[in-house]
Structures are given as structure tokens and as C-alpha cells.
Amino acid sequence: MDTDSIPEEEKRRVKLIVVLLVGPPGSGKSTFCNHVMRASSRPWVRICQDTINNGKLGTRAQCLKNAARALKDEKSVFIDRCNLDRDQRAEFVKLAVSGIDVHAVVLDLPAQVCISRSVKRTAHEGNLQGGKAAAVINQMLQKKELPKLSEGLARITFCQNNSDVQDAICAYSALGPTETLPGGYFGQKSPDAKTQLGILKFLKKLDGPAYPRPDLCCPEGSLSNHITQEMQTRPEGVGHASLLSGTHLDLKDRKHLAAESVGAAVALNSIGDCAAFDNAPTLAFPSISTADFQFDLEKASEIIVETVLEYANKLRNFRLVLVDLTHKSKILSLVKAKAAQKNINSNKFFTFVGDITRLFSEGGLHCNVIANAANWRLKPGGGGVNEAIFTAAGPMLEAATKEQAKSLTPGRALVVPLPSTSPLFSREGVTHVIHVLGPNMNGQRPNCLNNNYDEGCKVLKEAYSSLFEGFLSIIFRTELMSAQRNGKKLRTDQPELQGHNDKFQENGLSSDQKTKGAIIYEAEKNQKCKGYSKYKVGLVDADSQGGKEHQDLECDGGAAKGWDIWAQSLYHIAMHPERHENDVLESFCDVAVVINDLYPKAKRHVLVLARMEGLDHLADVHQEHLQLLKIIHETGIRWAENFLQDDASLIFRLGYHSAPSMRQLHLHVISQDFDSVHLKHKKHWNSFNTAFFRDSADVIEEVSRNGKATLRDDESLLSAELRCHRCRSAHPNMPCLKLHIRKCQAPFPPPLLQNDRLVQAPTKASANP
DNA sequence: GTTCTAGAAC
DNA sequence: GTTCTAGAAC
């Protein structure tokens, strides 16, 4: 974005950032910068010492000079050099003056990875390639000194694998010109480590707030034993978090904070699995209705665990944290016990003792969303969590809330994006507050249910479902905003879809976090449906979707569910893209994965896989997956457009097979030349050129309107006569058809030219209305 | 999803 | 001889 296009008043608020990339050659520093710069709406300058001198190696002084010049031009800066030790970083840290933050992004990938990348390079800017790379990198890593906040850095993000890198790219890509990221340590790494430390070592050596590992259950007996022993000797109320935050913190100055695994029975598969959740979107929530509203604790804990269980498998990478101020909290013990019984994944759900308004600053637990046990008037005061949150957030929370709704009914949740000026945002990294109103059993408070627990349990369940739905929708909207920031808008002129777009723009992480439309989340009342993001704009009546034949989307943990082994390869790639690095073209913000079709049926044919359990095929798609469908669509469009840059003569169609052979929802992005040796059978042709193929834009429209897509999976479509997709002429067999389509240049049938079903180069599109 | 095979149809 | 189809195996 050109700074000239930023309005004057905005310009004054532009928040500049200097990001020092820290990592040896081959760690992906330049790639990181390029990804962010391509996707970001903020102006960036990449300063690379390897090329700064007219394309040749330059000096640190030149880098500094260029950085200062870029900042003067109100451009944020990437310092793309190794920056491996403190001295190398020091001069750049001095660029931090008023209004300019200096961050570090540490690309701490295994040395072998960096060496292997460097060895393979053929055109590295610094001419470090081939065999000498290994020696140089090993030498450099000997001197590595991980950065610390005390050097003067405002934020340090540690990336230890590709997934961490992707997350960091997303975080920086999503930053508008006036935004910044919360300060502190992100990711987990002891700044004192020279090499990858054993996990216990690095947990004990953190020198500042970092994510604690409350959920730590190590498969190796030695570690868990060690921790158990330490817990036995620590002062009461001081849990893992304090232990993990290490010896540099004065425990006396801290409130007693304890993070506790609620699923201790579940051992993690590997330490890597723990790390995957460190940067996951996290919702911290208090127990609803059990304090002032005097709801029965036993029943409440049952409902919490039951609802968490339903949501825990809906998305791969997020965390839910039940928070209470006191270690002796009965509700925490009850929930802990019940969650352990149910074997809930302790990465995704755990309890935490602490002040919900100071989880990061005092407990090192970063939660980007917190829930408020609100009152029906959505007003501050009244003590408890409500008063604490309104006080900590400042008056802007009341104003932001008021803009959205004046009151809340029991069982509902209201998502309020927090203005970036709020201390909760800047200090704790909280981007949204979700107000929740639970059922009341206290005669001294409004809407008392007089011990009617049939109704009470129903309402409490709705309250938690609404809360979790609100949280998941924030994740989806954030992903979508990120997609839109890539400079592409959803390709649809459907008024209904446009409306959804507007909603996202209003309620996503906009630069000033302002919102207009109110989104009230309500639980799906039909217990048969386990959908999770049904939302409506404005204050709406709670109505049931009643009678809809929703499928149970519960996760099966990877079981075949009737799919043969050969049909599961896409599923495995979607669930574990890190294990298929050679196949994965792009992993988009943990939501979608792009791969080449193994047997492409055209010159260009890629698949966009949904990274969500339980979405085996189009039949599993419902209203709650709308955002995901849009992200997949957007990703597909982006790939089509990339291909068009290479070959403007191509035309793409995006869609789903009504009844795919392979498990895991996947979007086909396929060029319409159908020029491929793999296109052999009638079934191949008809699966892309009859109603069996459902255009992505139509699917989105149908799901948005009807909550599901129309499927045309009758076998007769696949065995229908062969017809050219352009001129509709019939052909006796595949060779004849293939001969014909090679030369047929007839315009596409009118239905294909509507609703953006075809993606083509702009000049072609205008010539082919 | 693919490959392979056998037999039918042309 | 070539193409198509269906079924089995993976």
C-alpha cells in the first residue's frame, strides 16, 4: 500500500515496526519477508545486507542507513541479515524511538534444515551455497545468542518449525498500518539456549513471561516425575505456570497462578505436539453463573465439560482455558476431574488459576479472547469478573459494547472487538471480549429461575455453546481478513455473499478494531446438531433450525469411517501437512492446504484441502463451515490467478465433486484445457463437466442460503454421453473427445460465464462476457 | 483415486 | 486392432 493513500489523520497514527530476522542462512529469512510483504497492507522495506550494495554484499552501516531512511518514509522495515548475536543486533535495536517498535523473529529451525536448504541453493543472494554452506552455518550457530527483551526489543517470536513460521507470517501479514503486535515473548524458547535444549531445561530457564506449558504431560517418565516432585514441594497455590516462568521472576510479587492439566491421563504424542498449540488462538473464560448467580457447581461442571468436548475437535488448533481466581476453586477441581475422565485433549482445554484480566502479564498465558460473565444490561460494575474486565479494559470496552447491543438475554454471547487503545489489548494481547449471560438461580438478581434446573441447564449449555461459537467465528473471521488482506476480494457479486463480506470487514480485526454490526451468538438448540458457528446479525430471537438432518460431526480421530485406506491420503496430508512437505504447495493459516493433484486432469490442477476434522466431503458441509468455504475459495482463486500470471491463456474452474473418491473436503482448481495424459475415462470427464461438479461459488451461495450444498451424485451423470464443455457437441469416446477439445475454441455455455464460475485473465474475461 | 485384466463392442 | 466397461486389488 502506498502511504499516500492513507488519510492524514490515520497517517499520524501509523505504527512503525522494525523486525530483525534472526537465523542462519537457509533459515528462511528472505522467504519470511517476501511472504509478509506480498500479503501485508502495511508498507514494508526489506533490507538485505547480502544485496544492499547494488546487488552485492554490503555493510551493517549501510543497512542502518537504509533502515533509518525507510522509517523516515513511514515504512516498516525487515532487517534481513543473520543478527545471530547481541552485538549484531544492538545498533538496530537503537532504531526504537517513540512510535517505533523493534521486534525480533527468531527462525530457530534445526541446523540440518538450514544446511540442507543452503546446500541446495543455486541462486542465493549472498552466494552462500553448495558444500561450504554447512561449515559456515555450523560455525555461525556456535556463536548464536538468542535475543532477549532486555536488549530493548519490544517483542520476540520464536519459530521452531514451519508451522510456527507460518503463524508468524500470518501475524505480521495481518497487521494494518496503525496496528502493532503485543509485546513480550511469543513461542517458547529459552533465550539462554545455544542449541535446542531438553524441554525441562528450557521450561526452567525462561527469563520473562512466555507461554507456560500448563498442559505438559511428557511421554517420558523422567520429566513428568520431575515436575510432580517439584509440585509437591512448592508453596500451595503456585502451579506449573510459576514453575515454568522460572527463577528470574520474583514469585512474591506475583499472584498465585496455577495452570493445571485437566486431561492428565492423556499423554502427548510428542513434544512437538505441545509446541503446535503455543501460538494457537486461545479463549480464557470464567465459570458462568456459578458465582453470583448461584448455579449448582456439580451441574455446571458437567455442562462445561460436555460442551468443551463437543467443540474440542471442531478445529485443530485452538485452546480453551477455564480461569478462576483461586486455587481452591471447587468448580476448577470438578471440571478437572470430569475432563480427565473424558480424556479431553489437554492441549486444547485446561484450567488456569489467575486474574482473567492479567493472564499474560502475570501468568505468561497469552489469550487473545477472554469471556466476561456479563450482566443483562452489559454494564460495568457489580463485582466479580464483570467489574474486573470492564475496569481493566477501560471505558472503551463499555463504548464498544454499547455500539453493538444494549442488553443480553440468558444463554447468549456477544462478541466485542476490543479497541487497540484498551490496556487489555496492549498489555495482555486480548483482541476480543465475549460477553456471556448465563442462567440465574439467585433470587436477589433479575430473571431468577427459582431452581428450575431443567431450564437452567438448557440455558447454561446454550451460553457455553454460544461462547465457543463466537470464539471460533473470531478465528475464522481473522483468517478470512488475512485472506482479504492478500489483496484479493471474494469473487462473487451475489448480494448475499457481499453482505457476509461486509460483516467480516466490520467484525474482523480491522485496523481500529471498530465494529458496526452486532453479532449475537446463540447455541444451536437442536441437540442433534453439533454445528458451532451459527451466527446472526443483530438481536435475534432464538429459533431452532429444527428438523434439519445434520450429521454428527464428531471427530473420529482419523478412523476410516468407511473410507478405504487408499482414499485417505488427502486426509492425512490435511491433518499433518508438516509430514508431507514435498507435497504441500501452501499451508494457509492452518485452515487450508494446497497440493498438486497427483493425477492432474489438465495443465494446471491443484487441490485446496480443508484442514478440519469431520469434513470428509461436501455432504458434511453446513452453515457453520461458510467461512471455511470462503477461505478455501479465496485460496483457490489466488492459485488460479498465480497460474494466470504464468499463462494468461488458461481458464480455471473451481469446484467440488458431489461424491468424491477421496476423503477430506477438497476444492478442485482446474484449468479448462483438460490437456492431460491422466484424463482417460468417461468418468474422469464427466466428474468435471456435468452437474456432478459443483462450482465453489454456487456451493457457497447454497450453504449461505440453505445451510447445505446441493449434491448431484447420481451415477448416471458419470456415465452420461461425452459432450464438449464449450460447444456441447457429443463424441463417441474419449480419444475423439480429447481430439476435439484440443481445438475447440467455442465460447463457454452461458451458465459457466455467470456467477464467477470461470476464473480467467482480465482481458479474456472482458472479451468473453 | 489408479492399475490391471478380461471380455464385449466396434 | 482399438476402445469401452466392469470388477478386483491396492
Side-chain angles (χ1 to χ4, degrees), chain A residues 556 558-577 579-586 592-621 632 636 639 652-696 699 709 711-725 729-744:
Chain A
D556 66 2
K561 271 207 302 198
W563 297 84
D564 283 324
I565 290 170
W566 58 260
Q568 310 235 29
S569 56
L570 299 183
Y571 168 80
H572 291 302
I573 294 172
M575 291 303 125
H576 300 286
R579 296 182 195 163
H580 301 84
E581 282 190 352
N582 293 337
D583 298 316
V584 172
L585 301 172
E586 181 192 2
V593 165
V594 183
I595 59 168
N596 272 315
D597 190 300
L598 187 58
Y599 299 97
K601 304 297 185 293
K603 281 182 182 164
R604 296 290 192 181
H605 185 183
V606 296
L607 305 178
V608 186
L609 315 182
R611 292 202 64 200
M612 185 188 271
E613 279 278 5
L615 269 192
D616 289 349
H617 49 182
L618 204 47
D620 294 326
V621 169
I632 290 174
W639 274 84
F652 284 88
R653 202 171 162 196
L654 283 66
Y656 301 86
H657 283 154
S658 288
S661 304
M662 307 293 281
R663 178 185 184 193
Q664 198 62 18
L665 183 72
H666 56 279
L667 174 77
H668 289 271
V669 179
I670 184 166
S671 59
Q672 295 297 293
D673 47 84
F674 292 105
D675 177 3
S676 164
V677 291
H678 299 291
L679 184 78
K680 295 173 179 171
H681 305 306
K682 181 183 265 188
K683 189 175 169 180
H684 291 154
W685 179 258
N686 283 336
S687 71
F688 289 102
N689 290 290
T690 64
F692 185 88
F693 188 81
R694 301 289 296 113
D695 289 279
S696 175
V699 166
L711 304 179
R712 299 289 308 278
D713 55 350
D714 27 324
E715 281 295 312
S716 61
L717 287 170
L718 296 177
S719 53
E721 63 181 341
L722 295 166
R723 282 189 178 275
C724 171
H725 58 317
S729 58
H731 300 269
N733 53 46
M734 283 300 289
C736 294
L737 176 75
K738 289 182 80 171
L739 267 177
H740 169 79
I741 57 175
R742 202 181 287 177
K743 57 181 195 294
C744 180

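Side-chain atoms are counted along with the backbone in the values below, which use heavy atoms only and exclude waters and symmetry mates. Every chain is numbered from 1 and lettered A, B, ... according to where its sequence line falls, protein lines coming before strand lines.
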- Mind running a 4.0 Å heavy-atom check of residues 678-685 of chain A against DNA chain B and sending the residues that fall below it, in number order?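 Output list: A/Lys680, A/His684.
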When the distance from [atom1] of [X] to [atom2] of [N] is rounded to whole Å, what number comes out?
{"X": "A/Asp616", "N": "B/dG1", "atom1": "CG", "atom2": "P", "value": "14 Å"}
{"X": "A/His572", "N": "B/dG1", "atom1": "NE2", "atom2": "P", "value": "17 Å"}
{"X": "A/Met734", "N": "C/dT2", "atom1": "CE", "atom2": "C1'", "value": "15 Å"}
{"X": "A/His731", "N": "C/dT3", "atom1": "NE2", "atom2": "C1'", "value": "17 Å"}
{"X": "A/Tyr599", "N": "B/dG1", "atom1": "OH", "atom2": "C1'", "value": "8 Å"}
{"X": "A/Leu718", "N": "C/dT5", "atom1": "CG", "atom2": "P", "value": "12 Å"}
{"X": "A/Leu737", "N": "C/dT2", "atom1": "CG", "atom2": "P", "value": "20 Å"}
{"X": "A/Leu598", "N": "B/dT3", "atom1": "CG", "atom2": "C1'", "value": "13 Å"}

Taking the ring of [Y] and the ring of [X], is the distance between their centroids below 6.0 Å?
{"X": "A/His668", "Y": "A/Phe688", "result": "yes"}
{"X": "A/Tyr599", "Y": "A/His605", "result": "no"}
{"X": "A/His666", "Y": "A/Tyr656", "result": "no"}

- Item | Any residue meeting salt bridge (charged side-chain N to carboxylate O under 4.0 Å, His left out) with A/Arg653, in chain and number order, not counting sequence neighbours |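 So A/Arg653 forms a salt bridge (charged side-chain N to carboxylate O under 4.0 Å, His left out) with A/Asp695.
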Between [X] (side chain only) and [Y] (backbone N and O only), is there a donor and an acceptor less than 3.5 Å apart?
{"X": "A/Lys743", "Y": "A/Ile741", "value": "no"}
{"X": "A/His576", "Y": "A/His572", "value": "no"}
{"X": "A/Asp620", "Y": "A/His617", "value": "yes"}

- Query: Using a cut-off of less than 4.0 Å, is there contact between a side-chain N or O of A/Lys601 and OP1 or OP2 of B/dT2?
  - Reply: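 It does, given that an N or O in the side chain of A/Lys601 lies less than 4.0 Å from OP1 or OP2 of B/dT2.
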- Is A/Val621 close to A/Leu665 at the side-chain level, that is, under 4.5 Å between some pair of heavy atoms?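 The answer is yes; the side chains approach within 4.5 Å.
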Please write out each protein N/O paired with an N/O of nucleotides 8-10 of chain B under 3.5 Å, distance rounded to 0.1 Å.
none

- Looking only at heavy atoms, what is the nearest atom pair of A/Leu609 and A/Ile595, with distance?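 Taking every non-hydrogen atom into account, CD1-CD1, 4.2 Å.
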- Task: Give A/His666 one of three labels, base, sugar-phosphate or nothing, depending on what nucleic acid heavy atoms sit under 4.0 Å from its own.
- Result: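 Answer is nothing: A/His666 stays at 4.0 Å or more from every strand.
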